[in-house]
Participant: 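Here it is, the structure in full.
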Amino acid sequence: MKETQKKDLVEGILQLSDRVFRELLPIVPRELLELDLTMPQVKVVLLLFLNGPARMSVLASGLGVTLATATGVVDRLVDRGIVLREDQPGDRRVVLCRLSEKGHELTSGLWHSARERTRKLLEAAAPSQLALIGRALEALSQAGMAAGEGLQSPAD
């Protein structure tokens, strides 16, 4: 396959993906739309949900911000009872952040709500379409792994 053909296929898939997203927007969990968090706060919560407890420096790196900025974001989440900050007994310089019970319930609730909405969509598809969707997602997962974009599942 020529490089231009591949680029055209990729662009076509992206356009289809955009269309699907717009059509499915009404099924975005209402809880997500009502979430009263800033985007950096959502990112921290998702990082902790998907990867588990993390050092402040890891969160700063994941957000692409300075340690001071990440600390401010986490402080606001701590104030709201969503994240817990824990000092390490052997090294006071290390701050480990993790979701509180409230933060985990919030995030897992969003995750499961989106999963159930996806289940309803999939249940409306014919078995042959489901097999095709499964193969496509498997191929996408393999491509992500090959590109170093390891996909992770939530920490339940």
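Index from 1, following the sequence.
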Participant: Supply the atom-to-atom distance Lys43 NZ to Leu47 CG, rounded to the nearest 0.5 angstrom.
Facilitator: 9.0 Å

Participant: Under 4.5 Å between side-chain heavy atoms, counting indirect links through other Ile/Leu/Val/Met/Phe/Trp/Tyr residues: same cluster for Leu59 and Leu67 or not?
Facilitator: yes

Participant: For the OG1 atom of Thr118 and the CD atom of Glu116, what is their distance to the nearest 0.5 Å?
Facilitator: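 If I round to the nearest 0.5 Å, the distance is 9.0 Å.
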
Participant: To the nearest 0.5 Å, what is the distance between CE on Met145 and CG on Leu140?
Facilitator: 11.0 Å

Participant: For a quick test of reading the model, state the closest non-hydrogen atom pair linking Leu130 to Ala125 and the distance between them.
Facilitator: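 Nearest pair, atom of Leu130 first, then Ala125: CD2-CB, 3.9 Å.
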
Participant: Which residue pairs satisfy the side-chain hydrogen bond (donor to acceptor under 3.5 Å, both in side chains) criterion with at least one member in residues 71-80, sequence neighbours excluded?
Facilitator: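 Every side-chain hydrogen bond (donor to acceptor under 3.5 Å, both in side chains) pair that includes a residue of residues 71-80, provided the two are not neighbours, is Asp75-Arg85.
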
Participant: To the nearest 0.5 Å, what is the distance between CG on Asp36 and CD on Gln41?
Facilitator: 8.5 Å

Participant: Between Leu121 and Leu16, is there a shared hydrophobic cluster once you connect ILVMFWY residues whose side-chain heavy atoms come closer than 4.5 Å?
Facilitator: yes

Participant: Quick check: is Leu50 connected to Ile82 through a chain of hydrophobic side chains (ILVMFWY, heavy atoms under 4.5 Å apart)?
Facilitator: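 Hydrophobic grouping puts Ile82 with Leu50.
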
Participant: Whether the side chain of Ser17 engages the backbone of Ile13 through a donor-acceptor N/O pair (distance < 3.5 Å, no angle test) should be reported.
Facilitator: no

Participant: What pair of heavy atoms forms the shortest contact from Ser100 to Leu84, and how long is it?
Facilitator: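 Ser100 and Leu84 have their closest heavy atoms at CB-CG, 3.8 Å.
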
Participant: Treat each ILVMFWY residue as a node, draw an edge where side-chain heavy atoms are under 4.5 Å apart, and state whether Leu48 and Leu96 are in one component.
Facilitator: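 No; Leu96 is not reachable from Leu48 via cluster members.
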
Participant: State which residues pass salt bridge (Lys or Arg N to Asp or Glu O under 4.0 Å) with Glu105; sequence neighbours excluded, sorted by chain then number.
Facilitator: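 Counting only residues at least two positions away or on another chain, Glu105 forms no salt bridge (Lys or Arg N to Asp or Glu O under 4.0 Å).
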
Participant: Quick one: OG1 on Thr107 to NE2 on His112, what's the gap to the nearest 0.5 Å?
Facilitator: 10.5 Å

Participant: Side chain to side chain contact (heavy atoms under 4.5 Å, CB included) between Leu106 and Leu99: does it pass, once the steps are laid out?
Facilitator: CA-CA 10 Å; Leu106 171 81; Leu99 289 178; over 6 Å; no

Participant: Shared ILVMFWY cluster between Val65 and Val58, side chains joined below 4.5 angstrom?
Facilitator: no

Participant: Search all heavy atoms of Val74 against all heavy atoms of Cys97 and return the closest pair with its distance.
Facilitator: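 Distance-wise, the nearest heavy atoms are CG1-SG, 3.9 Å.
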
Participant: Is the closest basic N to carboxylate O distance between Arg135 and Glu138 below 4.0 Å?
Facilitator: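 Salt bridge between Arg135 and Glu138, a charged N being under 4.0 Å from a carboxylate O: no.
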
Participant: Do you know which two heavy atoms are closest between Lys102 and Gly81, and how far apart they sit?
Facilitator: CB-O, 3.5 Å

Participant: Check the pair Asp87, Val94 against side chain to side chain contact (heavy atoms under 4.5 Å, CB included), reporting the backbone distance first and the verdict last.
Facilitator: CA-CA 6 Å; Asp87 295 326; Val94 175; over 6 Å; no

Participant: Please test Thr69 against Leu63 for side chain to side chain contact (heavy atoms under 4.5 Å, CB included), starting from the C-alpha separation and ending with a verdict.
Facilitator: CA-CA 9 Å; Thr69 299; Leu63 293 173; over 6 Å; no

Participant: Looking at Gln5, I want to see if its CD is surrounded by more than 12 non-hydrogen atoms of other residues, nucleotides or ligands under 6.0 Å.
Facilitator: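 More than 12 heavy atoms, drawn from other residues, nucleotides or ligands, come within 6.0 Å of this atom.
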
Participant: Only one of Leu35, Leu77, Val73 passes side-chain contact (heavy atoms from CB on, under 4.5 Å) with Val45; say which it is.
Facilitator: Leu77

Participant: Restricting to salt bridge (Lys or Arg N to Asp or Glu O under 4.0 Å), what partner residues turn up for Glu123, sequence neighbours left out?
Facilitator: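 Partners of Glu123 by the salt bridge (Lys or Arg N to Asp or Glu O under 4.0 Å) criterion come out as none, since no residue qualifies.
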
